[in-house]
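Lettering follows sequence order; numbering is per chain, from 1. Everything numeric in this text was worked out from a predicted model, so none of it was measured.
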There are 2 protein chains.
Amino acid sequence: MTFYPSLANLAADIAVFTLVEAELRVLLIRRANPPFQGMWALPGGFVEPHEDAHSAARHELTEETGIPEGSFHLEFVAAYTAPGRDPRNRVASFAYMALVPQVPPTAAGGDAADAALLPVAGVLDGTVPVGFDHRTIIGDALEHARDRLENTTIAAAFCPPEFTVTELRRVYEAVWGTRLDMRNFHRKVTGIEGFLEPTGRKTTRDGGRPAELYRTGEATRLRPPMYRG
Amino acid sequence: MTFYPSLANLAADIAVFTLVEAELRVLLIRRANPPFQGMWALPGGFVEPHEDAHSAARHELTEETGIPEGSFHLEFVAAYTAPGRDPRNRVASFAYMALVPQVPPTAAGGDAADAALLPVAGVLDGTVPVGFDHRTIIGDALEHARDRLENTTIAAAFCPPEFTVTELRRVYEAVWGTRLDMRNFHRKVTGIEGFLEPTGRKTTRDGGRPAELYRTGEATRLRPPMYRG
DNA sequence: GGAATAGTGTCTATTAGACAGTATGGG
DNA sequence: CCCATACTGTCTAATAGACACTATTCC
């Protein structure tokens with residue numbers, strides 16, 4: 001016989017971050033049932049017997065929120081294992097963050113009004129009522145994202161496939177909550193080998209002089225890191 | 001009734017890192033029973049119903065290896081959830097790393113010879129036979145430790161309460177696998193506010209001119225980071 | 001032309017890294 | 001004395017940050 005010291009359900013919860021008008025938002029779902037009925041919670045689901053936590057998070061993202069495969073950056077943040085964190089049973093939660101350029105309207109703001117992109121600032125200051133330990137998870141995910149923006153090129157995951165330097169800068173400003181000097185930022189990021197690859201096309205969608213459109217390059221790690229103002 | 005989509009055991013596994021004669025070692029235990037009988041594995045245990053994974057790791061460390069409370073740095077590294085990673089049952093493992101100045105002889109190298117401090121290099125190149133996915137875990141833990149040495153002050157966790165700059169430098173060299181210029185290193189770390197606090201005492205245990213003994217200060221984060229050669 | 005944003009040039013203060021040279025113990 | 005290690009000084013190349021200036025679109 002096998003000894004079962006402590007059995008638990010495994011769950012994957014995802015903090016889907018995106019930018020709406022230069023403001024950082026997170027996708028939340030209003031709970032229809034107890035516990036925490038009527039409050040907001042992260043999208044997520046149980047890890048099935050045949051998959052690992054990362055696969056579970058990816059399925060949740062593509063199937064429940066309709067965010068197309070390949071258009072997001074999904075990354076593990078932390079694990080939450082406190083015994084009472086789910087009042088029903090023991091649930092170990094693997095928290096992921098997903099960085100996406102856009103959330104399909106069907107997932108957030110549809111007629112059902114059971115899902116919404118809410119400002120991260122409002123969630124963290126307590127304005128938005130959040131169930132379970134999901135406020136903590138969102139805070140940890142934000143801190144993780146801030147660190148990763150310093151040391152990797154994942155900021156581009158917030159942008160569409162082709163984007164301008166200013167659009168990239170707005171990502172840093174929104175996640176870090178700072179203002180960056182546009183001229184130094186431009187010289188810095190375009191000077192990093194493998195970060196931004198010019199497409200040769202230009203756009204005027206930000207107004208003013210046409211801006212070069214870039215794709216992401218091969219580089220993933222920023223050494224030395226980007227500095228927060 | 002409650003729906004159980006996937007039940008799992010929760011385990012905490014710990015990569016205990018220490019330095020032996022300027023070489024990075026990890027504490028491993030030879031398995032007495034199948035599976036992987038006779039091979040090496042990380043110390044660890046199941047997470048009990050009343051505790052979370054971090055507490056489980058801490059208990060494991062103090063009770064099983066006899067490393068005294070307060071003399072180590074314990075930190076979460078990653079979670080491993082692949083369905084087949086334990087051939088017996090589904091086990092989700094929370095991997096931690098512990099940085100310690102010294103492992104008590106009772107834990108490693110005792111008469112039982114079932115535990116030993118083995119070179120990390122030998123584990124990673126396959127010289128040491130390791131069961132489960134623990135080779136992967138040790139590799140991930142090492143990479144995590146390398147990153148943390150760059151960005152935090154935890155290198156001092158490898159040193160006794162009072163230590164010299166050279167002893168600290170040997171930590172960086174062992175974990176990073178590089179050589180650092182002792183003169184620049186000295187000027188750099190002593191110049192970081194809150195990293196090293198001089199005790200006023202000196203030691204000649206490293207030979208040569210007596211070296212100042214330092215305690216760790218309040219700083220935990222290194223900004224800008226230390227650079228690997 | 002005026003307004004807006006894109007992008008380049010230049011200066012300065014700081015610093016990582018290389019390396020010379022001095023200090024202070026043990027043998 | 002020699003040898004080892006500790007520590008300080010100095011130079012250089014690179015760079016983060018501040019900010020002036022030019023470029024190119026839309027209105």
Nearest whole Å is fine: how far is C/dT24 P from B/Glu212 CD? 13 Å
Indicate, with yes or no, if the rings of B/Phe185 and B/Tyr172 have centres closer together than 6.0 Å. yes
Distance-only side-chain donor-acceptor flag, B/Ser55 / B/Asp52, under 3.5 Å: yes
Between B/Ala219 and B/Thr153, which heavy-atom pair has the shortest distance, and what is it? O-OG1, 3.0 Å
What is the separation between atom CD1 on A/Ile192 and atom C1' on D/dT15, rounded to the nearest whole Å? 12 Å
Quick one: B/Leu180 CG to C/dA18 C1', roughly how many Å, whole number? 14 Å
Which parts of residues 158-171 of chain B get close to DNA chain C, meaning a heavy atom less than 4.0 angstrom away? none
Could you say whether A/Pro224 or B/Met182 is positioned toward the 5' end of DNA chain D, judged by the nucleotide with the nearest heavy atom to each? B/Met182
Inspect the contact between A/Arg201 and A/Glu212 and indicate whether a charged nitrogen and a carboxylate oxygen are less than 4.0 angstrom apart. no
Tell me yes or no: between the side chains of A/Glu64 and A/His59, is some donor less than 3.5 Å from an acceptor? no
Heavy-atom protein contacts under 4.0 Å, nucleotides 17-27 of chain D, coded B base, S sugar-phosphate only, - none: BBBB--BBB--
Donor on one side chain, acceptor on other, A/Ser93 and A/Asp13, under 3.5 Å: yes
For A/Phe17 and A/Phe158, I'd like to know if the aromatic rings sit close, meaning centre-to-centre distance below 6.0 Å. no
Looking at C/dG7, I'd like to know if its phosphate oxygens (OP1 or OP2) sit under 4.0 Å from a side-chain N or O belonging to A/His186. yes
Could you give the CZ-to-C1' distance, from A/Phe185 to C/dT8, as a whole number of Å? 17 Å
If you measure from CD1 on A/Ile137 to OH on A/Tyr96, what distance do you get to the nearest 0.5 Å? 12.5 Å
